[in-house]
Amino acid sequence: MIRFDNLRVRYPGATREALGGATFAAERGAVTAVVGPNGSGKSTLVRALLGRISLDGGSVVIDGERTVDLPRDRLARMVAVVAQREEPAFPLAVRDYVSLGRFPWQGAWAPPTAADRAAVAHALASADVELLASRRTDTLSGGEWQRVRIARALAQATDAIVLDEPTAFLDIAHEMACFELLAALARAGRCVLVVSHQLNLVARFTDRVVLLSQGMVVAEGAPVEVMRGDTLERVYEWPLVVSRDPAVGAPTLVPLRKPHPPIL
Amino acid sequence: MPRKAWFALVAVLVTVSLLALMLGATSVAPGDVWRALVGGGTDDATRAIVRTVRLPRVALALLVGGALGMSGSVMQATLRNGLAEPYLLGVSGGAAVGAVLAVAMGVSAPALIALAAFGGALLAVAGVLALTRAAGTRGDTRLLLMAGVVVGAFANAVIMVMMATATPDITRNALWWMMGSVAGAGWRDVVLLTATLGGVGLLLGHRARELDVLALGGDTAESLGVDVVRAARRFFILASLLAATTVAVAGLVGFVGLMVPHLARALTSGRARATLLASALGGASLVVAADLAARTVRAPSELPLGAVTALLGVPFFLWRLREGR
């Protein structure tokens, strides 16, 4: 459903391309993860999808249409994005905040329709934030806020949802719950694309993994195919081993220690 | 926002407006105010005081406050910053340069000074937009804020140089203008500002949901289908237009655009359309009350309106802050 086609991006003044011809696709009914070290171009992919940076080549294609040719409001009805960081300028009630996910579907003056209200209620329930609905966004914990943001994206009722490091501030339970939610969304037929540093969770929950390094796709496929010790060690430039999770059999990465030289 | 709060906002505005029509060098009873307004039986002198002297002044104060409150709430949402206000961002500085320049060149007709102020404000806004375009970062509203502050500082420097080299007479005139006043209110000003506030207000109401989304920040707004750069520029221009028109008819009336939106947000749910309307109502009440105080406290001499808004507004703001905790 979302295809990145030979995408090239170079930031002004940068010595090398942030994306040097990345090509891969994320399909409906699956969770696709993009992993890779810091600076490998993961967030640039998301920014390219949003149209926030100009492309030096290639395109992002959604359901056969290039994003640059799509009107913004149509794109917003096809793909929802949970960006890496977000802070509203002024606090809102959680329900009002989640309702803003309906923006691409609403006219200027008309009050919320039954469909709007149903989508918001469904989003609050799916992200398990119904109990927070009347809280203000500035009173939420990091984990609550992250789930509320996902609810806002769900209220957008799009076929595809893209999340940039959604578990960055979450504890183990919320991290697991978040990935369970993403898996459930994929089972419900949505296209889920998640950028993550949590390789072990990615290995357990996702259907496809795309490994980026220096703006290029260096490995792509099922988690067992991508999560190979030699590949990851080379890409992350750190000694590590990949074993099997004894409980679930998924590949598990264990970074090894490499002592820092003594500080005098 | 609860209906009670809306009712209270309107009731406060009606009350201060009525008081402003009643009080002054000659007090007029509420009944006589009503009869003078609807053309019933009062003496000619009372009718003249209410209709010709006080009504345009109260109307202009109301409109200036409404426009500044609305302008401030748009600026703060657009620039995602609670310190943003129409005057901080070059509008006031540009207008002041225009007006002081006109005064210094010997212009004395108020309409021409107003025109010069309006032109100066628009030039400053154009300067801000040109600066952001030259810097060329996409969708970063912080840049707009920076550019506004820079243009404002430049304008202040120009004013200081002009004041330092002007005759005391010109300096005094310019100073009075910079402190704001609705004393010279005429119906032409009222009509001009009504048209601007009505037109811009409708446009803003029409785009209020976009303003809500813009306040979430660039990436999220963009993902919801808003062209952040264009939308921010459009809101900035509309808010500046409101502020520039008030500056042209009443000089610089500070504080309203900064503080009133904060109070409005605390009263409302924080959604843009409600905040815009509440800011307009609150700003209107504040400026009508401030003008009433400015002309009655030390009558027959008048206090500068722009200072009284702050003198009245700050304690009220502090009280709200305590209540809100």
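Within every chain, numbering begins at 1; the chains are lettered A, B, ... in the order of the sequence lines, protein sequences first and strands thereafter. These numbers come from the heavy atoms of this one structure, side chains and all, not from hydrogens, waters or symmetry mates.
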Show every donor-acceptor pair shorter than 3.5 Å between a side-chain atom in residues 25-40 of chain A and any protein atom, with sequence neighbours excluded, or say none if there are none.
unit_1, atom_1, unit_2, atom_2, d
E27(A), OE1, M1(A), N, 2.9
R28(A), NH1, D63(A), OD1, 3.3
R28(A), NH2, D63(A), OD2, 3.0
R28(A), NH2, D159(A), OD2, 3.0
N38(A), OD1, H197(A), NE2, 3.2
S40(A), OG, P37(A), O, 2.7

Supply the atom-to-atom distance F90(A) CZ to Q76(B) CD, rounded to the nearest 0.5 angstrom. 5.0 Å
Check whether V79(A) gets within reach of chain B through its side chain, its backbone, both or neither, counting any heavy atom under 4.5 Å. backbone
Assess whether atom CZ of R230(B) is packed by more than 12 heavy atoms of other residues, nucleotides or ligands within 6.0 Å. no
For D219(B), is there an ion pair with R47(A) - N to carboxylate O distance below 4.0 angstrom? yes
Residues, nucleotides or ligands: over 12 heavy atoms within 6.0 Å of D227(B) CG: yes
Qualifying ring-ring contact (aromatic ring centres under 6.0 Å, His included) pairs with a residue from residues 112-147 of chain A, counting only residues at least two apart or across chains: Y97(A)-W145(A)
Exceeds 12 heavy-atom contacts within 6.0 angstrom, atom CZ of R8(A): yes
Tell me, out of G217(B), G225(B), G270(B), who's got the most heavy-atom pairs with chain A below 4.5 Å. G225(B)
How long is the straight-line distance from CG of L216(B) back to CG of L92(A), given to the nearest 0.5 Å? 7.0 Å
Nearest heavy-atom contact between F103(A) and L224(B) is CD2-O, 3.4 Å
Which of the residues A93(A), P12(A), G107(A) is involved in the greatest number of heavy-atom pairs with chain B at under 4.5 angstrom? G107(A)
Could I get the full list of ring-ring contact (aromatic ring centres under 6.0 Å, His included) partners for F205(A), not counting sequence neighbours? F179(A)
Proximity of residues 196-210 of chain B to chain A, residues having a non-hydrogen atom under 4.5 angstrom: L202(B), G205(B), H206(B), R209(B), E210(B)
Test: E222(B) and R72(A) ion pair at under 4.0 Å: yes
Chain B contacts, top residue of P71(A), A80(A), S99(A), A110(A) (heavy-atom pairs, under 4.5 Å): A110(A)
Check whether R265(B) reaches the backbone of P91(A) with its side chain - one donor and one acceptor, N or O, closer than 3.5 Å. no
Rounded distance (nearest 0.5 Å) linking atom CZ of R52(A) with atom OG of S223(B): 9.5 Å
Considering only heavy atoms and a distance below 4.5 Å, find which of R74(A), Q156(A), R102(A), R85(A) pairs most often with chain B. Q156(A)
Can you name the closest pair of heavy atoms from R271(B) and D96(A) and give their distance? NH1-O, 3.8 Å
Bottom line for L75(A): the part with an atom under 4.5 Å from chain B's heavy atoms is neither
How about CZ on R95(A), more than 12 heavy atoms from neighbouring residues, nucleotides or ligands closer than 6.0 Å, or not? no
What part of R136(A) is in contact with chain B, defined as an atom under 4.5 angstrom from a non-hydrogen atom: side chain, backbone, both or neither? neither
